[in-house]
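Before any comments, here is the structure.
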Amino acid sequence: MGEQIRNLAARLSAGAATEYSCDTHSSSIRTVAGPIPAALARDLEAMASVHQCDTACLTGELLAAAIRDVISALPDAVQQQIHRAKAALASAEAEAHREALNWDPGRT
């Protein structure tokens, strides 16, 4: 088990609330969807019920911790590739945002 998952398990065991991922209005939060086996989805729902938190929020916490753990376990070269890809994605997103702000519907 990775350090981030271990920390999350400890927080949940201590009754601590989930972190930032339930702030759905923040520009630093993205919603993602992905398939998981039905049995694991039931486990997730049961965990959320036991810990009295929203299933989507718990999903976000688990996914964030797992992503951090996986990235930290990858070789440095792969981590650097991920870092470069992340920067390229951020740049493309910023450019798309700038284009949307510069669009002038009055011009033909």
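Only a predicted model underlies this, so the values are computations on that prediction, with no experimental measurement involved.
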Say whether, by atom type as modelled, one donor and one acceptor occur between the side chain of [X] and the main chain of [Y] under 3.5 angstrom.
X: S49; Y: E45; answer: no
X: T59; Y: T55; answer: yes
X: Q79; Y: I71; answer: yes

*Joint cluster assignment, I67 & V78, ILVMFWY side-chain distance < 4.5 Å*: yes
*Is it the case that one hydrophobic cluster holds both V32 and I82, taking links as side-chain heavy atoms less than 4.5 Å apart, direct or via other members?*
yes
Rounded to the nearest 0.5 Å, how far apart are [atom1] of [X] and [atom2] of [Y]?
X: M47; Y: L58; atom1: CE; atom2: CG; answer: 4.5 Å
X: S72; Y: E3; atom1: OG; atom2: CD; answer: 9.0 Å
X: R68; Y: L63; atom1: CZ; atom2: CG; answer: 9.5 Å
X: Q80; Y: L74; atom1: CD; atom2: CG; answer: 12.0 Å

*If you look at every heavy atom in A66 and I5, which pair is closest and at what distance?*
N-CD1, 3.8 Å
_E95 atom CD: more than 12 heavy-atom contacts under 6.0 Å_ = yes
_I'd like to check E61 versus L12 (side-chain heavy atoms, cut-off strictly below 4.5 Å). Are they in contact?_
no
